[in-house]
Amino acid sequence: MSDQDFRAEVRAFLEAALTPEMRTAPRTIMLLDVDLQQAWHKRLAGRGWAVPTWPEDYGGTGWSREQQAIFEEELVRANAPALSPNLQMIGPVLIALGSDEQKARHLGPLRSGEVVWCQGYSEPGAGSDLAALRTQAVRHGDDYVVNGQKIWTSYAHRSDWMFCLVRTSSEGKPQAGITFLLVDMKTPGITVRPIHSIDGLHHLNEVFFNDVRVPVANRVGAENDGWTVGKYLLQHERNGVAGAAYLRMRLGHVRALAASSPDDEGDGVMMDDPIFARRLAEVEVDLLALECLIHRADAAPDPGLKSRMSSMLKLRGSEIEQAISEVGRLALGEWGRLDQSLGLEDRTLPVAGPQGGPEIMLSYMMGRSATIFGGSSEVQRGIIFKQLRQYGV
Amino acid sequence: MSDQDFRAEVRAFLEAALTPEMRTAPRTIMLLDVDLQQAWHKRLAGRGWAVPTWPEDYGGTGWSREQQAIFEEELVRANAPALSPNLQMIGPVLIALGSDEQKARHLGPLRSGEVVWCQGYSEPGAGSDLAALRTQAVRHGDDYVVNGQKIWTSYAHRSDWMFCLVRTSSEGKPQAGITFLLVDMKTPGITVRPIHSIDGLHHLNEVFFNDVRVPVANRVGAENDGWTVGKYLLQHERNGVAGAAYLRMRLGHVRALAASSPDDEGDGVMMDDPIFARRLAEVEVDLLALECLIHRADAAPDPGLKSRMSSMLKLRGSEIEQAISEVGRLALGEWGRLDQSLGLEDRTLPVAGPQGGPEIMLSYMMGRSATIFGGSSEVQRGIIFKQLRQYGV
Amino acid sequence: MQYHLSEEQGQIRDVITAYLRDRYDHDSRLKIVSSPERWSPTVWNDFAHELGILGLGLPEWADGLGGGAVDHMLVMDALGSALVVEPYLETCVLGAAVLMRAEGDVARHLLAGIVAGEVRLAIADLEDGPMSPTVPFTSAARVEGGWRLRGVKSRVTGLPGATHILVTARAGDEGDMAVFLLAADHPGVALVSGPTIDGRVSSEVRFENISLSADACLIGGGRGAEVFAEAVDRATAALCGEAVGIMRRLIADTLAYLEQRRQFGAFLADFQVLQHRLADMQVEYEHAQAMAFFAAGMADAEPERRRPAVAASKARISRALRHVAQEAVQMHGAMGMTDELAIGHLFRRATVLENQYGSIDRHMKAVVKAGSDTAGWAAD
Amino acid sequence: MQYHLSEEQGQIRDVITAYLRDRYDHDSRLKIVSSPERWSPTVWNDFAHELGILGLGLPEWADGLGGGAVDHMLVMDALGSALVVEPYLETCVLGAAVLMRAEGDVARHLLAGIVAGEVRLAIADLEDGPMSPTVPFTSAARVEGGWRLRGVKSRVTGLPGATHILVTARAGDEGDMAVFLLAADHPGVALVSGPTIDGRVSSEVRFENISLSADACLIGGGRGAEVFAEAVDRATAALCGEAVGIMRRLIADTLAYLEQRRQFGAFLADFQVLQHRLADMQVEYEHAQAMAFFAAGMADAEPERRRPAVAASKARISRALRHVAQEAVQMHGAMGMTDELAIGHLFRRATVLENQYGSIDRHMKAVVKAGSDTAGWAAD
C-alpha cells in the first residue's frame, strides 16, 4: 500500500472510531477519565492497532517506520487520546524477558485494553535514587512476602496490576539486590491512599504493602536482577516519536487558543502579537530540533548511541513540555486564575474564559512533574556528563 | 548650594574641560589610550574632583550622596572617560591601613593622576582561588626578596606601581601566610610580558619577579595579614554607583547605535523592531533593578548586610555588562565581523559600518572577562549560598 | 527613595509576622480556604483591632495612620509569605485609592469603615477580555434621581466577604469611564462564583438594570480612567511587595527541605548544583526586594513616570517570582507536586500573581512604549 | 531524511579530519592567517588533489562526485572544527550553487575549475545595509556588446585568494536582480581590505563603470533573486555543519581543560556545577548535530518549505553555538580570554557565524512569517 493510501485508511478509521467526547476529553498525558481512555484502547485493539510497535507475533502491525510516523501524525491530527504509557513500558519487557506463562497471561489483556497497569518504582526517600529502594520481598516457599511503601504511583487507584521493584537482598552494591515483580492490585494487604497534587486533582497515590504475598511465578528475570529489567523498561519510556507527537498535539492546542484569545490591547489576537508569536515559534523550533534528534536516535547504527541519547530526549522533552504550557499560560492571561479542575472531571459544567484554558492550567501545574518524575533533570544531567566523559563529544 | 546649581556647575565644568577626543575615545572600562585617560584625570584633579569619595582630609569633596550621584550622572551624560579602577581600590586601602609614610608618598600622586597603578592578585593556578598564591617574598633585612609570577595584570606595561599579594608563610591556613606589598615597577628583576587577549588587543600581561627587592616599608598591614587588606580592597571594587553609571553609559551607546542602525528588513531602524526593542527594554529593566539594589546596599543600616550584597552586585553587574554588549552586537549584525581593533588604537583610520560598532565588538569579546576576573561568577554563587545558609533569606 | 523599612515599620512587620505565624499557619489557612465562607471574619477583625493595620497605609484625614505605599508593601509582604486570602489589596489599597479621590461623605465614611474593619471591597473591573478595560462594556445610564447600571463583570475576587463593590462603567451619554459603588447585597446583583487556584473565590457579577442613587457615582466627570489607573498602579506596586514575601518563604522552605533530605548518600543542600541555583534564587529575591521599594516610591509620582516605573518593577519582580517558584518546586522533587506542603500553594499564588494586573509582556510593552531612559530613577 | 553519515561519508570525514589534524593544527593555522596572503594555496591544492573534496558535494555533470548537501555539511563540519579559513563555503557551496543554475559554457568551465582547485570564488552581495539586498544598489546597465557595472559591495570575503567574483546587481532597465561574474583582477575593480575577527579578510569592492562582456551575466532574466536565495539557503545549511564542528571542538577542549586544571584542591571536572553545565552543552551539541542533517535534507526542498526549515535550523543551531561558545570561554576562566589557546579563536568564529547570512532574530522572523506548522517535517 502506498503511504498515501495508508494515511487515508488511518484517517478514515479515526474519523469513524473516535467519538467527539474522546477527541475533546481533558488530559494530561492520559485522559483524566480512565474509562473513556480504555474504551478508546479497545476500539484501537479491535482494529488491531493498539500496539503497532510490538513484534508481529505478539500483535504488532509490522508497519514501516514511515507508516508508524503517519499513524502517530494522524492520531495527533485527530486529537486522539494517548493510551496508558505503561502499556509501552511493561509490554516490551514481558516480550523480551517474561516467562511463557507471563506472556500468555498478560500480553492479551494488555493489548486489548482490558486491564490497567501502574508502575511502582518510587518510594519515600528513593525517587531519583532508585538504589535506595527499601520495599522488601522475602521468599516464603512459592511466594514473596512484600512489605513497604510505594509513592507517587499514577493511577494506582484505577489499576488492576502493578509492575514494581522490590528489595530482595541488602548485600553487594545497592542496585544488586533488587527484583522485578508483577503484583495483582487485588491481593490482600495492599492499601492505596490518594495524594492530591498541585493541580488539586487526584492522579497520584501512595501504595502500602502489608504482608502481601506475590507468587514467585510473577517475578520477571532472576532474583536480584531487577535492576537490569528496570533499565530495559526505562528505555521504552515515552521519549521517542510518540512523546514528540504528544508535544505536537499540545502545541496545537496552544496555537488554537492563541488564534482566538484577544491580546493585551484587546484589539487583536495573541497570535498576531509579535512578542507572543516569537515565543511560540521558539518553542516550535525547539520541538522540531527535538524531533530531529529523535529521528537520529531511531536511525542510530549503534544501539549504544541510541541509548545514550535517551537521557537527552527525556531532559529536553520535559523542558519543551513545560515551555508549551508556559506559552499557553501566556495566551490565557488572567483567565488562568480560575480553578476549573472540577469542570475537567465533570464535563457538564460550563468553562469560563477561552476553551482549552482549564487544560492548559492543568498542564502547567501538573507539568512541573515532567522534569521530576521518571528521572529528574538533575539526574539526567549527571548521566549525560558521565557519558560525555566516557565516550567523548 | 542647591542640587540644581550643583548640577549646573558640574555640567559647565565638564563642558569646558572635556576635549572631543576624550569624549569619543574608545574604551572598555578604562580608555585604551592611557595617556589620554591620565590627561583627563589631571584636569579633574585640577578642579579638585578626582577623588570625590575620599575623606576630605585626603582630598575628597565631602559631597552629599545626592551630589555624588549627580556628579556620576553628569559624567555619564558627557561621556567622560572613567578613571583607573585601581584608583578607587588602592586609595581607600592606604587611607585606612597605610602607614603615615605610605600615605605621604602615594596619596598625592594617586590623586593627581601622575602615577598609574596595577593590581597583582592573579597567578597561574591561583585565579579564583587566591589562597593558592605562590609568589614568594622572603625577608632579608629591610627588604623582602620577591620571586614568582603574576598573570592577567591589566595595564602592567603602563603602570608605575603595583599593589600585590605575596606569600610570606606556608604555615596555618593558606590564607594566613599572605602579605600585601606595594611594588615600584621600575625595580630591577621585574619583567612584563604582554598577553594578547581575545579581542586581539594588549591590555593584559604576565609579570615575572626575579629576586625583586621590595622595602619592608612598602608593606601594608602586618606580615601574613595581607588577606585582610586584600578583602578590604575588594569591597571597593566598582560594584556600586560608579559601576552602574558605567553600565548606563554603555547602554546609552547601544541605544544610540540602535536608533540609527537599519533593521533586518532594511526599511526601518533596529530600535523600532519590536523584538529588538523588547530585548533592550529587558536589559534596561535589569539595570534599573541592579541600581535599586545598589541604593539599598548603600543605605543599609547594617554594614554586614552591605558587604553581603557585594557578591550579588558583582555577579549581576557583570552579567548585565555582557547583556548590554550582546544587545549591541545584535544591533550591529554582520558588521560585527570586521576586526577594527587597529582603528581603536589608531583613531585616524576610518570606521566601516555604524559608528561605535568596533567598541561594541571589543566590549563583547573583552567583556567575557567580566564574569571571570575579580572573582568569577561561580565563586560569587558559592559565597552567596554560604551567606544564605548562615544568615537566612 | 526609601530602600529600607524605618525602625517603626520593621516593628510593625514583626508584629504582623508573629501574628500570622501563630494564627495563619498552613493548617489554619487550609481551614479558612475550605470553609463555606472561604475567608475569616476573625482574622479580618484582628487585622483591624489587634494589629491595627487596615489604616496603616492611609492618610490621617481618612482615619488612617498617615502611612503610604511602603506601608502597603510591608503589609503585603507579610500577608504574601503567609498566603493570606483576605481582601487587603482590594479594600485597603486599590479600593481605598479610589475612595481617596472621591468627593463627598460616602467615600469618607467608607474609608473610616475600612480602617475599623467594617467595610470590605470587591473590585469589579475585568470583563470578558484579558485586562481591565478603559472603555468598559458595562454601562451606567443617567436616569431620574440616579443611575441605571447594566453589564457583566468577570473574575471579581473578594465577594464572599465584601460589603461593597466598586464597579467601572461607561457613564452617561459621554461614555467616559466612571467608578460606581454599590452594596454587595444590592438587589439585582447576580453572582456565579467558583474557586481560584490560589485559594480564593472568583465571581462573575451580573448587573441587570440596577437602579443606583446619584451619589453611587464615586468618580465621574471624565476622571474615572485616570483615577482607576492610579489605583491599579498602587495595587500593582503592593503586589510587588506580596511577591517578595512569597519568594522569601519559597527560598526559606526550599533551603530547609534541602538541608533535611538525603539522596545518593548526602544532604541535598550539599550538592553544588543546587547550591548555585539557590544562590541565583537569592539574588533574584534581593533584586525584587530592592525593586519593590522602588515601585512603592514611584507609586506617588506623576503618571508619566509612575506607569513605566511600576510596570518595570512588576515585570522584573514577576520574572524573579516565576523563576524562584519554578525552581523551588523542582528542588522539592516529587514533594513539590503535592498539595500537602505549603510549596504547592505558594507556587499557585505565584502563578496567579504573575498575571494579576498585567502579565510580564504587557508591562514590558508599557516600558517600551514609554520609550524613556530610566537613568537616575532609582536614585530619586 | 538522512540523520547519519553513510559508511563512505564517515570515511571521508575521517580522512579530512586526519589531514587537518596534521596540517592545520593551531600553530599552522596561525601561520596561515598571519601570512601576507592570509590563506594557503598549498592547503587548497591538497583539498583538490590529495583529499579530492572540492567536488564532493557537486553533481557528476559538473565534474563532481555526485554528492549533495549532506556532503557539504560533513566537509564544513570538519573544516569548522579546525577553523579553516579557505573559501570552501564561498566557492564550493554558495558559488557552485549559482553556477549550477547558470546556462552556457562559462559556468560549466568554472565548475570544472572549482573541482580542480583552480577556481576560487568571492561572493559580493552585501552592501551597506545589514543583509544581502534583493534589490541591490549596485547596477549593471546594458551597453553595446555587454554590460557596464557600477556600485560598491561591502564585507566581501575570500578576495585575496579568489580568482573570480560573483556580484549581485540590478540589471538593465527592468531592474531585477541578476548575478554577474568577473575575474578578480578585472581592471577597474578597487579593493579596500582589512582583517575580520575570525582570521579572514573582508573587502570593500568598488566597481567604477566596469565593462563586462555579455556572458558575464550568469543568472539573468528575472531569475537572479530566486537563484541567489536558493544558493544562500544552501550556504546557510552548510554553515549549520560548520557550527556543529566548532561546537564539538569547544566542548572537547573544555572537557580536556577541566580535566587537567585544579582549583580549590580538586579537578575542575569534578565540580558538579561544571558537570551539569557541560551536560547542557552536550545536549545542545547533539540537537545541533541532528538539526544540521535536517537543514541539509531540506536544502533541496521547494522554497516554501526550504526557507523556513533552513531558517529554523540556523536560528536553533546559532542559539546552541552561542551558548556553547560563551560557556566554553567562561569555563576556561582567564585562559579563555587569551589569544593563545584555540578557544578564543573558536569563540570569535562562532561570534561571526551566528550572524552570517542572517541573525537568529532574522531567521526566527522567517519562521514566524511562514506561519507554518512544522509538524512532520523532521520525518520526511
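Only heavy atoms go into these numbers, but all of them, side chains included; no hydrogens, no water, no symmetry mates. Protein chains get the first letters and strands the later ones, always in sequence-line order, with residue 1 at the start of each.
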Exercise. Measure distances from B:L315 to the heavy atoms of chain C and classify the residue's part below 4.5 Å as side chain, backbone, both or neither.
Key: side chain
Quiz prompt | Pairs of heavy atoms under 4.5 Å with chain C: top-ranked of B:M309, B:Q387, B:R296 | solution = B:R296
Quiz item: Tell me, side chain or backbone of C:R249 under 4.5 Å from chain B's heavy atoms, or both, or neither?
Solution: neither
Quiz item: To the nearest 0.5 Å, how far apart are CZ in B:R381 and CG in C:D280?
Solution: 4.5 Å
Exercise. Report the option among C:A252, C:G297, C:A269 that has the most heavy-atom pairs separated by less than 4.5 Å from atoms of chain B.
Key: C:A269
Quiz prompt | Top contributor to chain B interface from C:A312, C:S313, C:A290, C:G376 [non-hydrogen pairs under 4.5 Å] | solution = C:A290
Self-check item: Side-chain heavy atoms of B:R278 within contact of C:D361, under 4.5 Å
Solution: yes
Quiz item: Of the listed residues (B:L388, B:I70, B:V76), which shares the most heavy-atom pairs with chain C below a 4.5 Å separation?
Solution: B:L388
Quiz item: Where does C:A309 contact chain B at under 4.5 Å (heavy atoms): side chain, backbone, both or neither?
Solution: neither
Practice problem: Test C:R319 against B:E282 for side-chain contact (heavy atoms from CB on, under 4.5 Å), laying out the working first. | Solution: CA-CA 11 Å; C:R319 176 148 61 79; B:E282 205 84 54; 3.4 Å; yes
Practice problem: Select one option (side chain, backbone, both, neither) describing which atoms of C:Q2 are under 4.5 Å from chain B's heavy atoms. | Solution: neither
Self-check item: chain C contacts, top residue of B:P301, B:A297, B:G252, B:P274 (heavy-atom pairs, under 4.5 Å)
Solution: B:P301
Quiz item: Could you state the interatomic distance from CZ (B:R248) to CG (C:D373), rounded to the nearest 0.5 Å?
Solution: 6.0 Å
Self-check item: CD/C:E302: more than 12 non-hydrogen atoms of other groups inside 6.0 Å
Solution: yes
Self-check item: Side-chain (C:E286) to main-chain (B:L293) donor-acceptor, under 3.5 angstrom
Solution: no
Practice problem: Could you have a look at C:E259, C:R277, C:Q289, C:M364 and say which one has the most heavy-atom pairs with chain B under 4.5 angstrom? | Solution: C:M364
Quiz item: Where on C:I251 is there a heavy atom nearer than 4.5 Å to chain B: the side chain, the backbone, both, or neither?
Solution: both
Quiz prompt | Within 6.0 Å of CD in C:E8, more than 12 heavy atoms from elsewhere | solution = no
Quiz item: Would you say the side chain of B:F385 lies within less than 4.5 Å of the side chain of C:L255, judging by non-hydrogen atoms?
Solution: yes
Quiz item: Among C:Q275, C:M291, C:Q272, which residue forms the greatest number of heavy-atom pairs with chain B at distances under 4.5 Å?
Solution: C:Q275
Quiz item: From B:H295 NE2 over to C:F293 CZ, what is the distance, rounded to the nearest 0.5 angstrom?
Solution: 14.0 Å
Practice problem: Working to the nearest 0.5 Å, report the span between CG of B:L287 and CZ of C:R316. | Solution: 11.0 Å
Exercise. Any chance you could measure C:W377, atom CH2, to B:E291, atom CD, to the nearest 0.5 Å?
Key: 11.5 Å
Quiz item: Of all of B:A277, B:S377, B:A300, B:G392, which one pairs up most often with chain C through heavy atoms under 4.5 Å apart?
Solution: B:A300
